[in-house]
Amino acid sequence: FPSHDSGNNRVVGTTIHGSNIGIYVQGTFAPNSDHGRIVGNVINHYEKCGVLLEYLRFSHIVSGNDIWAAGSGNLYGTGKSFGVYIKKSQGATITSNTIASNPVSIGLDSSDFNNISSNTFLNFLSLTEANIKEYGTQNSYNNTITTNNFVAVSGSKVDSVVMLSGSSIGGTSYVGRQTIRYRDWE
C-alpha cells in the first residue's frame with residue numbers, strides 16, 4: 001500500500017501476500033515525508049518489489065521482515081524484480097531482514113548514506129542474480145554495507161555486491177565480516 005508525504009508511518013506485524021508492490025513509501029523530500037518503520041512483516045509473492053522506498057531523506061527503518069519470492073516483474077525498466085529497492089533516498093536502514101528468492105535482493109538507485117546490515121540473503125539455484133546491486137543513471141555513494149550473511153544452495157552462482165561499472169563506489173564501505181556460505185539443502 002502506498003504512503004505519500006506522511007511521516008512517522010509504521011507497518012508492523014502485517015502479512016502481505018500476492019501484490020504488485022508489497023509496501024511502497026514515497027516522499028518528496030518534504031520535511032515530514034518519511035522517518036517511519038517497516039518492522040516484523042511477512043511480505044511474500046509480490047510481482048515487482050517487496051519494499052519500495054523512494055525520494056526519502058530521513059532515517060526510514062526496514063527491520064526484522066521476511067521478504068520472499070518476487071515474481072517476474074519489471075520495476076523501473078530494469079527487467080528485474082526486487083526484495084527491496086531504494087530509489088533517490090538517503091538515510092534508510094535495512095537491517096536484520098531475511099530476503100530470499102528474488103532476482104535482485106536489494107537494488108540501490110541513486111541513493112546515498114544508507115545502511116544495509118545484518119541481513120540474511122537466501123539464494124536458491126539460479127533465481128538470484130545479485131544480492132545488492134546498483135541501478136539508475138547516477139552512482140550511489142557513502143552507503144554502509146556491513147555484517148550481512150549470504151547463503152546459497154550448492155551449485156548456485158550469485159554476485160554478492162555489484163556496483164555500476166566504472167564506479168569507484170564513492171565511499172561505500174564494507175565494514176566487518178561479510179559471511180558468504182554455500183550449503184546443500186535437500
Side-chain angles (χ1 to χ4, degrees), residues 16-26 38 41-56 60 62-63 65-90 92-141 143-153 155-167 169-170 172 174 178-182:
I16 299 169
H17 179 79
S19 62
N20 195 29
I21 295 175
I23 299 172
Y24 178 20
V25 181
Q26 181 187 50
I38 299 169
N41 301 288
V42 175
I43 306 163
N44 193 12
H45 294 291
Y46 40 85
E47 190 62 26
K48 293 183 179 179
C49 190
V51 176
L52 174 57
L53 305 177
E54 186 175 57
Y55 303 112
L56 303 177
H60 213 88
V62 178
S63 179
N65 300 287
D66 291 332
I67 304 170
W68 287 72
S72 58
N74 181 10
L75 187 67
Y76 296 120
T78 62
K80 305 288 178 208
S81 54
F82 299 84
V84 177
Y85 197 84
I86 307 168
K87 182 175 183 177
K88 296 185 180 180
S89 293
Q90 300 173 349
T93 298
I94 312 300
T95 188
S96 303
N97 299 287
T98 299
I99 304 173
S101 298
N102 298 285
V104 179
S105 296
I106 296 179
L108 285 169
D109 182 344
S110 310
S111 293
D112 308 317
F113 301 103
N114 298 292
N115 178 354
I116 300 170
S117 63
S118 302
N119 297 289
T120 298
F121 298 96
L122 303 177
N123 305 300
F124 301 103
L125 302 174
S126 61
L127 179 64
T128 304
E129 169 189 310
N131 286 300
I132 302 169
K133 189 168 183 179
E134 189 172 25
Y135 285 87
T137 57
Q138 300 174 351
N139 292 355
S140 293
Y141 293 102
N143 294 291
T144 299
I145 300 169
T146 181
T147 58
N148 293 289
N149 186 21
F150 302 95
V151 180
V153 172
S156 62
K157 182 177 185 288
V158 178
D159 291 321
S160 290
V161 179
V162 179
M163 302 308 269
L164 287 172
S165 61
S167 171
I169 306 180
T172 294
Y174 303 93
Q178 303 292 328
T179 304
I180 302 174
R181 290 186 297 173
Y182 295 92

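Since the model is a prediction, treat every value here as computed from it, not as a measurement.
Using a 4.5 Å heavy-atom cutoff, the side chains of I23 and N65 are not in contact. Proximity of H17 to V42: side-chain heavy atoms (C-beta onward) are nowhere separated by under 4.5 Å. Considering only heavy atoms from C-beta on, F82 stays 4.5 Å or farther from N102 through its side chain. Using a 4.5 Å heavy-atom threshold, the side chains of L53 and N114 count as separate. With contacts defined as side-chain heavy-atom distances shorter than 4.5 Å, the pair I132/N143 does not qualify. Considering only heavy atoms from C-beta on, N97 comes within 4.5 Å of V62 through its side chain. Taking 4.5 Å as the limit, some side-chain heavy atom of V104 sits within range of a side-chain heavy atom of Y135. For the pair W68 and L122, the minimum side-chain heavy-atom distance is below 4.5 Å.
Pairing each heavy atom of S81 with each of G71, the nearest pair is OG-O, 2.7 Å. Here the closest heavy-atom approach between residue A69 and residue N44 is recorded as CB-OD1, 3.6 Å. Scanning all heavy atoms of the two residues, the minimum distance from G22 to I16 falls at O-CD1, 3.7 Å.
Atom NZ of residue K87 and atom SG of residue C49 lie 11.5 Å apart, to the nearest 0.5 angstrom. If you take OG on S72 and NZ on K80, they are separated by 11.0 Å, rounding to the nearest 0.5 Å. The line from OG of S63 to CG of N41 is 10.5 Å long, rounded to the nearest 0.5 Å. Note that CD1 of I99 is 8.5 Å distant from CG of N131, once rounded to the nearest 0.5 Å. Here the NZ atom belonging to K48 is positioned 5.0 Å from the CG atom belonging to N20, to the nearest 0.5 angstrom. For the atom pair CD1 of I116 and CD1 of I94, the computed distance is 6.5 Å after rounding to the nearest 0.5 Å.
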Contacts under 3.5 angstrom, residues 106-113 side chains, donor-acceptor by atom type, not counting sequence neighbours:
from, atom 1, to, atom 2, distance (Å)
D109, OD2, Y85, OH, 2.9
S110, OG, Q138, O, 3.4
S111, OG, I86, O, 3.1
S111, OG, K88, N, 3.0
S111, OG, S89, N, 3.1
S111, OG, D109, O, 3.0
D112, OD1, Y141, N, 2.7

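With T146 contributing its side chain and S117 its backbone, the two residues share no donor-acceptor pair below 3.5 Å. The backbone N or O of S19 sits nowhere less than 3.5 Å from a side-chain atom of E47 that would complete a donor-acceptor pair. Side-chain atoms of N148 come within 3.5 Å of backbone N or O of N119 as a donor-acceptor pair.
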Checklist entry - Could you walk me through whether L52 and Y46 pass the side-chain contact (heavy atoms from CB on, under 4.5 Å) check? => result CA-CA 12 Å; L52 174 57; Y46 40 85; over 6 Å; no
